[in-house]
Amino acid sequence: AAASDLQFALTEAAERFQEETGSEVRLNFGSSGNFRRQIAQGAPFELYLSADEAYVFALHEEGHTHNEGVIYAIGRLVWLQRSHRGDLPDPGNPLEGVKQAVAAHSNGQRERIALANPDHAPYGVAAQQALQSAALWESSAPLRVLGENVSQAAQFALAADARGGLVAYSLALAPALAERSEYVLIPEDWHAPLRQRMVLTRQAGDIAKQFYEWLQQAEAVAILQQYGFSTE
Amino acid sequence: MAKSIMGSGLKVLVKQRGPIPLDASFNCPAGELLALVGPSGSGKTTLLRTIAGLYQPELGQVVCMGNPWLATERRYSLTPQQRKIGMVFQDYALFPHLNALANVQLAMGHLPHAQRQSLAKQWLANVRLEGLEKRFPSELSGGQRQRVALARALAREPQVLLLDEPFSAVDQVTRRRLQRELALLRQQISIPIILVTHDLEEAAALADQICVLHNGVSLQQGSPETLFRRPTSPLVARLLDRHNIFEGEIVSVAGQLRLQWGDYDLEVAEGLTELTLGEKVTWYLPPSDIVLHRRARPSQGERENPVAATVHEMVVLGGITSISLRVSHGDMLRFDIATHAARRNQLAQGEQVYVSLLAEGIHLMSGNHVAMPSRHMPSKYVFD
Amino acid sequence: MAKSIMGSGLKVLVKQRGPIPLDASFNCPAGELLALVGPSGSGKTTLLRTIAGLYQPELGQVVCMGNPWLATERRYSLTPQQRKIGMVFQDYALFPHLNALANVQLAMGHLPHAQRQSLAKQWLANVRLEGLEKRFPSELSGGQRQRVALARALAREPQVLLLDEPFSAVDQVTRRRLQRELALLRQQISIPIILVTHDLEEAAALADQICVLHNGVSLQQGSPETLFRRPTSPLVARLLDRHNIFEGEIVSVAGQLRLQWGDYDLEVAEGLTELTLGEKVTWYLPPSDIVLHRRARPSQGERENPVAATVHEMVVLGGITSISLRVSHGDMLRFDIATHAARRNQLAQGEQVYVSLLAEGIHLMSGNHVAMPSRHMPSKYVFD
Amino acid sequence: MDWTALSVSLRLAGLTCLFLMPVGIWLGRALASAHFRGKGFCEALIALPLVLPPTVLGFYLLQQFGRDAPLGGFWATLTGGGLNFTFSGILLASLIANLPFAIQPIQRAFENVPANLREAAWCSGLSPWQTFLRIELPLVWPGILSAAALTFAHTLGEFGVILMVGGAIDGETRTLAIAIYDRVQAFDEQGAARMSALLLLVSLTTLGLVYGLAGRRRWMRG
Amino acid sequence: MDWTALSVSLRLAGLTCLFLMPVGIWLGRALASAHFRGKGFCEALIALPLVLPPTVLGFYLLQQFGRDAPLGGFWATLTGGGLNFTFSGILLASLIANLPFAIQPIQRAFENVPANLREAAWCSGLSPWQTFLRIELPLVWPGILSAAALTFAHTLGEFGVILMVGGAIDGETRTLAIAIYDRVQAFDEQGAARMSALLLLVSLTTLGLVYGLAGRRRWMRG
Ligand SMILES: Nc1ncnc2c1ncn2[C@@H]1O[C@H](COP(=O)(O)OP(=O)(O)OP(=O)(O)O)[C@@H](O)[C@H]1O
Ligand SMILES: Nc1ncnc2c1ncn2[C@@H]1O[C@H](COP(=O)(O)OP(=O)(O)OP(=O)(O)O)[C@@H](O)[C@H]1O
Ligand SMILES: [Mg+2]
Ligand SMILES: [Mg+2]
């Protein structure tokens with residue numbers, strides 16, 4: 001069970017793992033919150049890769065895991081917009097698009113800014129912090145569209161009626177999106193670090209434990225980095 | 001009021017205040033046919049539904065062949081299935097999703113599967129519906145539907161047959177055939193048959209007994225002869241579409257009791273002695289007891305209660321002519337004679353004629369009172 | 001076949017092969033009443049529906065008061081609304097969600113709103129439904145529903161009134177009242193009225209003309225008198241529930257043409273000369289033209305075609321007795337006489353009696369043929 | 001308590017019913033009286049919006065509603081605004097998603113109107129339109145009510161399509177369903193329960209009243 | 001193409017229909033013939049599973065299905081297994097979520113059966129059970145069909161409840177709807193479109209055939 005921002009990275013990692021060890025792992029992507037709940041109800045997930053480390057701590061406290069697991073990646077936030085728009089902000093000023101949309105809004109236009117819901121999605125929280133640090137949180141309020149998760153935020157960001165959105169770096173690098181979109185990275189210090197923690201559940205079998213170990217090896221780390229995740 | 005056969009036949013007693021006021025009792029021995037007649041809305045269908053177990057009156061008893069079917073006072077009621085009745089609904093109530101044959105077969109649950117189809121075909125043939133077995137009700141004419149309903153009721157081989165105007169939608173020729181079938185059936189199976197009908201001729205021709213209903217109240221039950229010649233009240237006579245209902249007074253002429261009617265003092269064969277001198281009575285004369293005097297050739301018997309009158313109206317209906325005569329004091333006498341007899345006697349509007357009112361036919365009724373539903377419930381039913 | 005009034009009245013001509021075979025034509029002048037009679041399933045309802053515009057036959061013409069309503073050959077058809085008809089449906093077709101009053105009011109779209117309610121009440125009173133205005137159809141008895149349907153049809157103040165057995169569910173007394181209302185109405189408004197009925201007496205009493213249908217084919221249209229005395233074919237006679245249909249042969253007796261029937265050579269007033277010697281014919285005698293010889297007192301006219309017969313059956317229906325006589329060669333003569341006349345003549349089963357068959361009543365029909373729907377469509381309709 | 005979300009929800013559900021019922025009545029009536037070979041497939045076609053997972057249906061609608069897509073472009077030239085992330089957009093999406101509920105019950109109801117009542121109305125002089133209003137409509141009323149109730153309830157609970165097309169904009173496209181979902185995702189279970197209770201209560205009252213009032217049909221009991 | 005997901009979906013939808021139709025017939029019939037004061041609210045109550053967003057309903061079911069909850073515990077003592085994350089669990093969830101579709105159309109259909117047909121059946125000697133089977137059932141058939149079609153289609157598309165309760169376990173609780181959702185989330189739009197097309201095709205065929213076969217009711221045309 002893995003957070004949806006791992007969609008591409010983890011798929012590739014799992015393939016590599018299978019090539020190497022011959023063991024197959026089945027991946028289940030979705031909302032970290034849902035997984036946390038399902039594991040608490042005894043879902044047959046063996047390894048939980050959460051986008052929000054708080055869920056891992058909570059599960060541990062409730063006794064569904066043996067330990068607090070480890071941080072396997074730190075996510076990055078990017079500004080994502082449709083390609084060929086010709087107005088990609090320059091890296092020094094990644095939230096220029098938001099500013100333009102806010103300015104256009106006062107002229108009656110409505111170009112939407114997409115982000116994941118800050119109420120429960122880690123990338124949403126990060127996006128909120130980034131906007132706050134650029135003093136755009138209040139003024140962008142009427143333009144914000146909130147995805148249920150970061151994938152949906154990316155879909156919003158690429159919709160015709162949106163200026164763009166703040167989404168996971170990992171998604172921006174995914175081949176399926178790369179050809180349709182362009183992005184600029186948001187500086188890491190504009191938001192609290194997106195620490196992603198994984199943990200083995202009490203039902204973890206040998207292969208899960210093996211995969212858990214393997215994900216901490218250099219080879220896996222390289223794959224994760226290739227998809228925009230940094231590690232500690 | 002009606003002959004009682006120990007433990008056999010159907011006995012019905014129903015009373016309630018509302019929503020449909022009822023106060024009726026009648027019975028029908030096995031093997032006989034009872035016709036329920038009465039104005040539209042008088043509760044005939046409701047009574048049939050009560051017998052069938054489809055309507056629960058406030059108070060009621062239904063006993064069939066000695067077995068209780070309904071006894072409200074001890075909260076006892078059999079289901080319609082247990083009563084094993086055959087019913088023709090006034091609006092047929094055919095199953096729209098089944099063809100004619102299947103509609104009939106459905107009522108043959110008591111027979112082995114193998115026999116049903118051929119027997120159902122036979123029943124449809126009996127009601128003259130050969131060749132229409134595969135038609136759905138929506139593809140049949142009104143009268144054809146009614147006959148399917150009749151076949152279905154008969155196919156059940158019931159303990160009691162309840163027919164709610166079963167011939168109302170079929171033509172006269174077919175109706176006669178069906179009536180004949182019904183008469184034959186009655187000779188074969190000995191069950192009570194209750195027939196609701198608006199056709200008084202049909203009632204007279206088919207029924208052993210007739211029960212007259214009015215506003216839910218059973219006014220009189222008796223043989224057709226009794227009802228048509230000796231109705232208990234003017235209301236019954238009127239409900240039976242009888243005319244010749246008049247007012248009179250009991251007088252004494254030369255020491256003999258007579259019925260004074262206008263200028264005439266009529267001889268009466270029966271009932272005069274039970275009345276007191278000077279009493280006003282309502283009386284009725286069946287049209288069969290009005291005898292036209294032959295022109296210029298008075299014959300024997302024609303001296304009885306001779307009355308002079310003028311022809312007010314003549315309506316020729318085929319072989320029969322309906323005649324209305326106006327008597328000098330204004331009352332109107334109505335009767336039918338054969339058309340050729342009318343011709344032979346050269347009757348014409350305005351002509352003066354003489355008729356005899358046969359003393360035997362004059363029926364004295366105890367007054368103008370109209371039987372009303374008694375609002376009083378008996379503490380105990382008297383049955384048998 | 002029927003009288004033609006220029007441009008007024010209703011004219012109907014319908015032909016089709018299937019699914020309901022039809023080959024009918026009839027007309028009804030304004031102010032007259034045409035009764036459609038025929039066995040159940042003969043297409044009466046279908047013809048009314050054609051007139052109303054609810055059924056489209058393969059080929060058909062309907063002309064009302066000179067205006068074409070339907071002309072299939074030029075694909076012309078008015079909508080039911082445009083035809084402005086009043087129709088009583090055989091199954092009433094009341095609107096279940098409207099009470100009796102609202103059902104009637106609905107048909108009064110041609111009147112100002114303010115008048116509708118009181119007029120609708122009036123119509124309901126005319127059909128004897130005072131006090132039941134607020135009842136929904138499901139709370140009315142069968143006959144009450146039928147009368148709401150009648151009131152609704154009349155309330156429309158139509159150009160043509162189509163009544164599909166409008167009195168079938170009401171009792172005899174109410175029926176007579178309604179028939180009288182209908183007769184009154186006919187005098188007030190001059191529209192064609194088509195009445196489908198199974199009651200031949202009703203047809204005879206109410207209709208100016210009767211049209212007899214069989215398997216969708218109109219066999220004969222004419223006045224009741226004509227139909228009942230001079231049916232064109234044995235089939236028509238049988239459909240009109242006539243008996244006394246016999247076979248005979250044209251013979252010559254002492255140089256005069258006679259009708260040989262068993263041992264008798266009957267005088268015939270009309271029609272003999274059109275037939276050839278030795279021809280077999282079917283003949284019909286109306287029951288009114290069978291005259292019973294008075295016991296021991298032969299009277300004038302009773303010498304006409306005297307026939308000896310034995311009483312086979314006597315059925316007393318109130319004032320009228322139905323008599324069946326068996327003639328020596330086996331044929332059965334049926335006629336009605338007044339019950340007291342039967343008594344006076346001491347008729348009883350098995351008795352020998354004499355009757356005269358009036359020469360004027362004997363109606364010769366051209367043979368045993370049964371008119372069948374012609375499968376041939378005329379290339380052009382002949383209308384007026 | 002999120003009152004604006006509730007108001008958006010009620011507005012959306014109300015308007016969906018309002019717009020969808022005429023469509024349902026029209027299509028349901030047409031289907032009830034029509035008899036043609038491919039009718040079964042037509043009826044099946046109508047059920048299809050139900051078959052796709054709501055989010056996926058929403059995703060396709062999101063694409064179709066974009067200004068660069070024919071439908072969205074047409075709307076933009078018509079109104080000047082876009083469809084995505086607007087109330088109009090989620091209303092349209094909700095109309096499409098609820099189509100099956102609107103048509104099926106109404107079609108069944110029309111199938112049950114006896115043909116001879118329609119004919120009797122014509123013979124009483126009622127135009128087809130009057131016949132429809134005064135005879136057919138009262139008779140199919142229970143079916144319409146069922147359709148409206150299912151549509152209303154389903155719109156209130158609809159989440160995937162609305163979120164996808166609407167983007168959860170406060171006061172415009174954020175419905176109570178989305179708000180509840182957000183509460184659940186944020187592990188604010190009490191908040192979610194409170195809102196759920198509110199939503200259930202509002203629905204129960206609305207539907208209960210509608211059913212209760214409409215249930216008093218004396219003429220049906222007979 | 002994800003054939004196992006398709007098979008799970010079809011199994012789930014089929015079984016949901018199979019189990020829900022008897023319930024719908026029973027409750028629909030009871031409601032159609034009953035007349036009591038609070039009936040309107042009872043009817044409204046039945047629509048409530050629709051009102052909650054599916055994921056939220058799923059969340060509540062997830063809690064109720066746990067071994068420590070009464071329902072889940074009862075199930076565990078009965079069968080030894082749990083409800084959450086099993087096919088039985090999503091089937092039960094799907095039954096609850098589809099209840100409104102099953103009952104409403106069937107109730108309306110029963111309301112339209114004329115009372116005198118039932119009476120005529122009794123008078124023809126049919127027991128209440130035979131009356132039900134041979135008279136009422138054929139007459140309400142179109143209503144049942146509508147209910148089944150709506151249930152079937154909605155179950156195929158159901159996603160929030162199933163995902164929450166089932167956890168998308170391959171071959172057991174991962175339905176085609178979830179698979180399509182996953183494809184969309186992974187921006188694999190071609191894959192999603194292929195699967196959607198498959199799902200639509202299967203539904204169209206199934207429903208079309210059912211409707212087509214059932215539509216041949218000659219007796220309704222008259
Ligand atoms: N639901 C009801 N509420 C009140 N009165 C009713 C209800 N249903 C029927 N009635 C009345 O009960 C009376 C008896 O009805 P019933 O159907 O038994 O009459 P009927 O004798 O069969 O008449 P018909 O010859 O017209 O069929 C009628 O006057 C009718 O109006
Ligand atoms: N859909 C149909 N398909 C085939 N035949 C039909 C269909 N509907 C009716 N018929 C037949 O058409 C014939 C004429 O029916 P119609 O209702 O006109 O008869 P009717 O004269 O009114 O009979 P009734 O006196 O019984 O009402 C009947 O024999 C009937 O069986
Ligand atoms: Mg009745
Ligand atoms: Mg007819």
Side-chain angles (χ1 to χ4, degrees), chain C residues 45 48-55 78-100 102-111 116 120 134-141 144-145 148-149 151-164, chain D residues 21 24-25 28-30 32-37 105-149 210-222:
Chain C
T45 299
L48 286 201
R49 286 169 54 80
T50 306
I51 300 173
L54 300 174
Y55 186 83
L78 291 189
T79 64
Q81 291 91 345
Q82 291 169 325
R83 299 186 187 199
K84 204 161 185 333
I85 39 115
M87 176 137 171
V88 173
F89 287 74
Q90 193 169 8
D91 54 359
Y92 323 149
L94 296 183
F95 306 120
H97 61 297
L98 299 178
N99 64 27
N103 259 284
V104 177
Q105 269 177 267
L106 202 84
M108 306 176 97
H110 57 291
L111 294 176
R116 290 184 201 169
K134 295 276 168 244
R135 292 265 187 91
F136 286 96
S138 62
E139 300 166 338
L140 292 171
S141 79
Q144 289 165 344
R145 284 179 214 177
V148 175
R152 185 177 66 181
L154 296 173
R156 171 121 164 90
E157 295 180 12
Q159 286 194 328
V160 170
L161 199 51
L162 304 174
L163 308 172
D164 202 347
Chain D
M21 284 310 105
I25 291 169
R29 188 168 182 274
S33 54
H35 295 289
F36 53 93
R37 264 194 79 79
I106 298 180
Q107 180 186 343
R108 293 290 165 252
F110 272 107
E111 282 172 353
N112 271 317
V113 175
N116 71 351
L117 292 189
R118 216 169 281 140
E119 296 176 347
W122 298 339
C123 288
S124 301
L126 267 62
S127 68
W129 178 241
Q130 287 174 317
T131 303
F132 171 72
L133 282 185
R134 297 171 66 180
I135 307 300
E136 296 179 55
L137 213 51
L139 292 176
V140 299
W141 196 239
I144 295 178
L145 223 71
S146 271
V210 169
Y211 278 128
L213 286 177
R216 300 168 198 242
R217 279 163 285 131
R218 178 155 68 102
W219 55 271
M220 281 205 66
R221 311 254 170 107

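So you know, we letter chains A, B, ... as the sequences are listed, proteins then strands, and number each from 1.
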Task: E119(D) side, atom CD; F89(C) side, atom CZ - distance, nearest 0.5 Å - done: 5.5 Å
Task: Side chain / backbone / both / neither for R49(C) at chain D, heavy atoms under 4.5 Å - done: side chain
TODO: Against chain D, label L162(C) side chain, backbone, both or neither, depending on which of its atoms sit under 4.5 Å from a heavy atom there.
DONE: neither
TODO: Please look at P128(D) and chain C and tell me whether the side chain, the backbone, both or neither of the residue comes under 4.5 angstrom of a heavy atom of that chain.
DONE: both
Open item on the list: Counting C-beta onward and ignoring hydrogens, is there a side-chain heavy-atom pair between L117(D) and P96(C) closer than 4.5 Å?
Closed with: yes
Task: chain D interface, residue from M87(C), K84(C), R152(C) that has the most non-hydrogen pairs under 4.5 Å - done: R152(C)
TODO: For the pair Q81(C) (side chain) and W122(D) (backbone), establish whether a donor and an acceptor sit closer than 3.5 Å, ignoring hydrogens and angles.
DONE: no
Open item on the list: Check whether R156(C) reaches the backbone of C123(D) with its side chain - one donor and one acceptor, N or O, closer than 3.5 Å.
Closed with: yes
